Participant: 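Have a look at the structure that comes next, please.
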Amino acid sequence: MKNVSFMTKEMYFTIALLSYENGVICGHLHSPVLKKSIQFHNLTELILIMDQIMKDLNIPEYDERYHHVIIKNQLLDVELDYQELKQDNFEKYLNRSLMYPKKSKDIFMVKVMYRQNNTWQGKITWLRTNRVRFFRSELELANLIYSVIDKYHK
């Protein structure tokens, strides 16, 4: 585990969308485990970055009872710089990760609770409406994000 002395069971992300054109989303990814936000240029890159963070820190802990497939991501070319998390500073970094750019078109809070069967399970909250949905895979998470974007940004 890289520079994380405090262990949390879930991984938290804030996705701030800055643009949506021709089916391509761009924005920033925030997390309490990161020293600074990471810019992404499409949904695939966003998912790959989130996955790499969870793999690097093993948060949430991967349930290996079902699969032992390990895929090394050769497509990700992003520098990830992690916080030194401890129990007494976790809440501060979590709150800071929620501070998203005011110019963002949409903000999503994602809480990944489990990583099982080579995918993620958790919940996503769309902050504009406080609408909460649960997802059982990265594909379902992507579909939930696109369903909001397609409905409100046509």
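The shown structure was predicted, so the numbers you read here are calculated from the model rather than taken from an experiment.
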Participant: Are Phe13 and Ile53 packed together at the side-chain level, in the sense that at least one heavy-atom pair is separated by less than 4.5 angstrom?
Facilitator: yes
Participant: Under a 4.5 Å cut-off applied to non-hydrogen side-chain atoms, are Ile25 and Phe40 in contact?
Facilitator: yes
Participant: The criterion is side-chain hydrogen bond (donor to acceptor under 3.5 Å, both in side chains); which residues satisfy it with Glu140, sequence neighbours excluded?
Facilitator: Arg136
Participant: Could you list the residues that satisfy side-chain hydrogen bond (donor to acceptor under 3.5 Å, both in side chains) with Arg133, not counting sequence neighbours?
Facilitator: none
Participant: Counting C-beta onward and ignoring hydrogens, is there a side-chain heavy-atom pair between Arg128 and Val148 closer than 4.5 Å?
Facilitator: no
Participant: Could you state the interatomic distance from CG (Leu43) to CD1 (Ile145), rounded to the nearest 0.5 Å?
Facilitator: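 The CD1 atom of Ile145 is 5.5 Å from CG of Leu43, to the nearest 0.5 Å.
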Participant: Going by the rule side-chain hydrogen bond (donor to acceptor under 3.5 Å, both in side chains), which residues pair with Thr119 if we only count those two or more places apart in sequence or in a different chain?
Facilitator: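 If we apply the side-chain hydrogen bond (donor to acceptor under 3.5 Å, both in side chains) test to Thr119, skipping adjacent residues, the hits are Glu138.
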Participant: Quick check: do Ile49 and Leu80 have side-chain heavy atoms less than 4.5 Å from each other?
Facilitator: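 Side chain of Ile49 against side chain of Leu80, heavy atoms only: contact under 4.5 Å found.
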Participant: Less than 4.0 angstrom from a charged side-chain N to a carboxylate O is my criterion; do Asp81 and Lys36 meet it?
Facilitator: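 Judged by the 4.0 Å cut-off on N to carboxylate O distance, Asp81 and Lys36 do not form a salt bridge.
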Participant: Please state whether the rings of Phe108 and Trp126 are parallel, tilted or perpendicular, taking 30° and 60° as the class boundaries.
Facilitator: parallel
Participant: What heavy-atom pair brings His41 and Glu45 nearest, and what distance separates the two atoms?
Facilitator: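 Heavy atoms of His41 and Glu45 come nearest at N-OE1, 2.6 Å.
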Participant: Nearest 0.5 Å, please: how far is CG in Asp106 from CG in Leu127?
Facilitator: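 Leu127 CG to Asp106 CG: 9.0 Å, rounded to 0.5 Å.
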Participant: Evaluate the criterion side-chain contact (heavy atoms from CB on, under 4.5 Å) for residue pair Met11 and Met50; output intermediate values, then yes/no.
Facilitator: CA-CA 9 Å; Met11 181 60 75; Met50 293 169 70; over 6 Å; no
Participant: Is Met54 close to Trp120 at the side-chain level, that is, under 4.5 Å between some pair of heavy atoms?
Facilitator: yes
Participant: Any non-hydrogen side-chain atom of Ile47 less than 4.5 Å from a side-chain atom of Thr44?
Facilitator: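 No - every pair of side-chain heavy atoms lies 4.5 Å or more apart.
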Participant: Any non-hydrogen side-chain atom of Val78 less than 4.5 Å from a side-chain atom of Gln52?
Facilitator: no
Participant: Are Thr14 and His28 close enough, and set up right, to give a side-chain contact (heavy atoms from CB on, under 4.5 Å), and what steps lead you there?
Facilitator: CA-CA 8 Å; Thr14 303; His28 289 101; over 6 Å; no
Participant: State which residues pass side chain to side chain contact (heavy atoms under 4.5 Å, CB included) with Asn143; sequence neighbours excluded, sorted by chain then number.
Facilitator: none
Participant: What pairs with Lys123 under side chain to side chain contact (heavy atoms under 4.5 Å, CB included), at least two apart in sequence or on another chain?
Facilitator: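 Residues passing side chain to side chain contact (heavy atoms under 4.5 Å, CB included) with Lys123: Lys111, Met113, Val132, Phe134.
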Participant: Just by modelled atom types, is the Leu29 backbone N or O under 3.5 Å from a matching donor or acceptor in the Ser37 side chain?
Facilitator: no
